Amino acid sequence: MSESEFERKVFTERKKKIEQIVALGQRAYPNSFATTHTLAAIRSRYDNATAEDLETARTSVAVSGRLMAIRQQGKAGFAQLQQGGVKLQIYVRKDAVGDQGFELYKLLDIGDHIGVSGYLFRTRTGELTVHVETITFLSKAMLALPEKYHGLADVELRYRQRYVDLFMNTALNEGTPAEINVRDVFVKRAKVLAAMRHYFDQRGYIEVETPMMQPVAGGAAAKPFTTHHNALDLDLFLRIAPELYLKRLVVGGLDRVYEINRNFRNEGISTQHNPEFTMLEFYQAYANYHDLMDLTEELIKFVAMEVNGKLTTNFNDVEIDLGKWERLSMRDAIIKWWPDYFGASPTMEELSDEQKLATRLADAHEIARSQPNKSQEQLNTFGIFVPIEMDLRDRRKSLGHIIAELFELLAEEHLIQPTIIYDFPLAVSPLSKQKPDEPDWVERFEFYIGGFELGNAFSELNDPEEQRKRFEMQLAERERGDEEAHQMDEDYVRALSYGLPPTAGEGIGIDRLTMVLTGAKSIRDVILFPLLRPHKKTEAESAE
RNA sequence: GAGCCCGUAGCUCAGUAGGUAGAGCAACGCCCUUUUAAGGCGUGGGUCCUGGGUUCGAAUCCCAGCGGGCUCACCA
């Protein structure tokens with residue numbers, strides 16, 4: 001820790017204060033303090049009590065908390081205690097706490113933890129306050145707290161010193177903008193997890209934990225982190241998904257399983273991506289993707305009610321109604337969001353035939369190219385569209401890949417209200433079951449809220465021979481340089497060979513769902529300790 | 001990975017026609033027995049992110065680096 005002169009000075013002064021506090025008969029770092037109430041309990045129980053109520057039935061309390069404000073007034077003073085995200089004012093006067101007690105009070109700093117006992121009253125201005133009779137010193141803040149009104153605003157410091165962020169940036173600080181009410185966000189995140197567990201537990205799913213360290217990183221298309229086990233001299237991957245293990249469990253007869261845990265993907269960081277993120281995955285035997293569409297809507301509604309008590313949520317200044325869902329096939333979504341700028345929308349038939357789509361994209365390319373005045377947005381779209389069109393024309397990518405790319409380019413950003421996008425190309429879905437009537441398409445859906453993907457689900461491919469073929473197709477793509485193509489997993493094929501019943505499974509990004517439910521604009525605001533590049537150490541510090 | 005923006009006291013921020021730095025809070029000392037972003041008087045505190053360059057002179061202009069934010073690309 002590199003300290004400034006200011007911080008060293010404050011630290012030294014406060015060490016002296018601790019000595020003085022000990023000289024007053026207090027312990028420097030006592031082991032405990034018995035309270036009668038939490039601050040939250042006092043607020044909920046006595047917030048409506050009048051001054052007369054409090055006077056006639058005198059309520060003695062012992063409470064503790066961190067001092068967040070001190071307003072000294074000669075031989076008396078007010079201070080504000082904070083505990084559990086709740087604040088309560090205390091009033092200390094010399095004639096009530098005695099000479100020693102008041103000496104102690106004067107040695108307190110903002111940030112210190114104390115315990116007080118006394119009785120409740122209302123001040124002249126009507127604020128519920130503890131009239132203090134004894135003060136017990138509990139712990140000292142050896143560093144100065146951030147500015148009391150604005151809190152800790154520097155985004156980098158908030159992430160690096162989340163411990164400060166958490167006690168400074170609460171809804172109780174008037175200057176704190178609602179979107180960085182940090183404590184509340186993480187309380188809600190915990191409620192999301194609890195609600196999900198409750199939902200699945202009630203429906204006969206069992207919660208399981210599958211390996212985070214895997215010899216083959218499967219179940220998704222992503223670059224993994226690698227690690228090594230010394231005793232076995234074994235290279236391992238941090239998992240990118242639990243999927244293949246969870247389906248092995250369904251083979252084993254655990255018909256309904258879920259897991260809530262971290263996935264690790266060695267890819268870029270953005271407002272929607274952190275290298276480690278939390279995923280719910282669940283599998284249900286004898287269900288298909290239609291069943292999971294219904295379940296998804298029900299689950300998200302349930303979680304929203306548990307967390308927020310309502311189905312609407314404000315995200316990026318848009319009111320989102322989690323009670324109303326739209327369902328669109330991927331091809332319909334492309335047709336719906338096809339921009340006029342590219343001419344008339346393609347037809348379903350054109351989107352299902354490589355040759356016809358190639359012609360259609362070439363036409364669109366020409367129409368867009370010949371338009372004289374392009375907006376920046378159109379230029380951006382065009383800039384992404386052109387390579388897609390060329391990939392199809394030069395047969396570098398299959399129809400399926402092109403469809404998926406077109407969908408992401410044209411439709412994804414529009415999916416603000418809850419939308420289920422179903423029927424994906426087989427080429428981008430190596431673990432999904434084909435549609436009986438359209439073998440190039442699979443029974444898969446993703447759902448979108450706020451313009452990004454929150455979940456991915458499908459009827460699970462359970463034919464071991466077909467699965468082997470799909471893995472081989474993936475290996476071929478890997479050969480062609482796609483580092484994220486799926487690896488072969490022989491044991492998974494073996495597991496399928498013992499018989500996986502018809503099963504559907506789904507993964508839901510917990511961080512992103514929490515963003516939607518709390519209005520957080522960055523995934524880093526819903527992860528307590530998001531990954532940051534460490535500050536480069538100075539030579540002096542490295543030598544320590 | 002690319003583009004744009006930011007980095008000044010512990011914190012929140014001012015400070016450019018380039019003249020070697022300010023406020024509020026916090027800290028320290030004093031006054032104040034119903035305040036609440038309490039108030040009053042006084043004091044201390046800064047490698048202006050780092051390293052180069054231009055200049056008589058750089059927080060300010062230029063270059064490189066470090067850290068961060070946003071947008072885009074990849075992905076969930």
Side-chain angles (χ1 to χ4, degrees), chain A residues 3-14 16-17 51 68-80 87 89-96 102 109-111 121-127 129 131 141-161 164 168 173-175 220-223 240-241 263-275 277-279 281 376 379-381 383-384 387 404-405 408-409 412 446-448 452-456 482-484 507-513 521-524 532-538:
Chain A
E3 292 160 342
S4 63
E5 187 188 335
F6 173 84
E7 291 201 329
R8 279 195 301 272
K9 193 184 107 197
V10 169
F11 205 94
T12 307
E13 282 166 357
R14 296 198 179 178
K16 281 187 197 140
K17 285 185 180 178
M68 294 303 285
I70 296 175
R71 295 184 283 273
Q72 184 63 284
Q73 284 191 322
K75 296 184 180 61
F78 290 93
Q80 212 155 25
K87 282 185 175 163
Q89 181 169 265
I90 63 171
Y91 180 51
V92 180
R93 42 191 296 165
K94 193 171 182 181
D95 55 18
F102 205 70
D109 288 295
I110 292 177
F121 77 111
R122 281 196 186 275
T123 62
R124 190 177 286 165
T125 55
E127 180 159 351
T129 303
H131 200 291
M142 304 298 283
L143 293 168
L145 263 51
E147 207 250 359
K148 64 186 173 192
Y149 185 64
H150 297 93
L152 190 65
D154 184 294
V155 175
E156 182 178 357
L157 277 181
R158 288 186 43 228
Y159 297 150
R160 288 192 196 275
Q161 300 184 25
V164 177
M168 287 306 299
N173 276 351
E174 281 182 53
K223 294 189 203 85
I240 55 175
N263 288 346
F264 305 87
R265 299 189 184 175
N266 205 340
E267 289 170 355
I269 292 175
S270 79
T271 50
Q272 286 157 34
H273 300 86
N274 194 63
F277 64 102
T278 301
M279 182 101 131
E281 275 205 23
Q376 188 55 50
L379 282 172
N380 290 344
T381 305
I384 303 166
E405 288 184 21
E408 281 170 25
L409 169 65
E412 183 170 2
E446 291 183 343
F447 72 96
Y448 291 79
F452 54 75
E453 182 196 339
L454 265 82
N456 177 24
D482 181 359
E483 284 180 72
E484 295 179 359
I508 296 178
I510 300 296
D511 313 275
R512 288 181 176 185
L513 178 60
K521 290 184 174 64
S522 169
I523 198 168
R524 292 175 153 205
L532 294 177
R533 189 171 271 138
H535 273 146
K536 207 175 181 181
K537 283 184 185 173
T538 65

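Residue numbers begin at 1 in each chain, while the letters A, B, ... track the order of the sequences. Only a predicted model underlies this, so the values are computations on that prediction, with no experimental measurement involved. Scope of the values below: all heavy atoms of this structure, side chains included, with no hydrogens, waters or symmetry mates.
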Output the single nucleotide from [options] whose closest atom is nearest the side chain of [X].
X	options	value
A/Tyr91	B/rU34, B/rC70, B/rG69	B/rU34
A/Glu5	B/rG10, B/rG45, B/rU35	B/rG45
A/Arg160	B/rG68, B/rU33, B/rU34	B/rG68
A/Arg71	B/rU12, B/rC74, B/rU35	B/rU35
A/Ile110	B/rA27, B/rU12, B/rU35	B/rA27
A/Ala153	B/rG69, B/rC32, B/rU12	B/rU12
A/Val10	B/rU12, B/rA27, B/rU33	B/rA27

A/Glu13 atom CD: more than 12 heavy-atom contacts under 6.0 Å:
yes
When you compare [N] with [M], how far apart are their [atom1] atoms, in angstrom units rounded to a whole number?
N	M	atom1	answer
B/rG46	B/rU54	P	30 Å
B/rG45	B/rC25	C1'	14 Å
B/rU16	B/rC28	P	33 Å
B/rU20	B/rU60	P	14 Å
B/rG42	B/rU8	P	29 Å
B/rA9	B/rA23	C1'	11 Å
B/rG39	B/rU50	P	34 Å
B/rG69	B/rG44	C1'	34 Å

Checking base pairs now: Watson-Crick or wobble, both atom distances under 3.5 Å. What partners [N]?
N	value
B/rC13	B/rG22
B/rC70	B/rG3
B/rA27	B/rU43
B/rA64	B/rU50
B/rA37	none

Hey, is A/Phe277 stacking on B/rA76? Ring centres under 5.5 Å, planes under 30°.
yes
Whichever of A/Glu405 and A/Val155 has its nearest RNA chain B nucleotide further upstream toward 5':
A/Val155
Nearest-nucleotide comparison on RNA chain B, the residue closer to the 5′ end among A/Ala76 and A/Gly509:
A/Ala76
With respect to the phosphate group of [N], does any side-chain polar atom (N or O) of [X] fall under 4.0 Å of OP1 or OP2?
X	N	result
A/Thr123	B/rU35	no
A/Arg93	B/rU34	no
A/Arg8	B/rG10	no
A/Lys148	B/rA26	yes
A/Arg512	B/rA76	no

Value in whole Å for how far the [atom2] atom of [N] lies from [atom1] of [X]:
X	N	atom1	atom2	answer
A/Arg524	B/rG67	CZ	P	12 Å
A/Met142	B/rA26	CE	P	20 Å
A/Gln272	B/rU71	CD	P	8 Å
A/Glu156	B/rC5	CD	P	19 Å
A/Ile90	B/rU34	CD1	P	16 Å
A/Glu127	B/rA38	CD	C1'	12 Å
A/Glu147	B/rC11	CD	P	11 Å
A/Ile269	B/rG68	CD1	C1'	12 Å

side-chain contact (heavy atoms from CB on, under 4.5 Å) between A/Leu143 and A/Glu7, intermediate numbers included:
CA-CA 7 Å; A/Leu143 293 168; A/Glu7 291 201 329; 4.0 Å; yes
[X] near the nucleic acid: base, sugar-phosphate alone, or nothing, with a heavy-atom cut-off under 4.0 Å?
X	value
A/Asn263	nothing
A/Glu267	sugar-phosphate
A/Ala221	sugar-phosphate
A/Leu157	sugar-phosphate
A/Lys17	sugar-phosphate
A/Asn274	base
A/Glu484	sugar-phosphate
A/Glu13	sugar-phosphate
A/Asp109	sugar-phosphate
A/Arg122	nothing
A/Phe447	nothing

Geometric class of the A/Tyr91/A/His131 ring pair [parallel <30°, tilted 30-60°, perpendicular >60°]:
perpendicular
Determine whether [X] and [Y] make a side-chain contact, defined as any pair of heavy atoms from C-beta on separated by less than 4.5 Å.
X	Y	result
A/Gln80	A/Phe78	no
A/Phe277	A/Arg265	yes
A/Leu532	A/Arg524	yes
A/Arg512	A/Gln272	yes
A/Asn263	A/Ile240	no
A/Glu405	A/Glu408	no

Between the base of B/rU34 and the side chain of A/Gln73, is there a donor and acceptor pair under 3.5 angstrom?
no
Please confirm whether any donor atom in the side chain of A/Arg124 sits under 3.5 Å from an acceptor in the base of B/rU34, or the reverse.
no
Determine, step by step, whether A/Met168 and A/Met68 satisfy the side-chain contact (heavy atoms from CB on, under 4.5 Å) criterion, reporting the C-alpha distance in whole Å, the side-chain angles of both residues, the deciding distance to 0.1 Å, and the verdict.
CA-CA 9 Å; A/Met168 287 306 299; A/Met68 294 303 285; 3.7 Å; yes
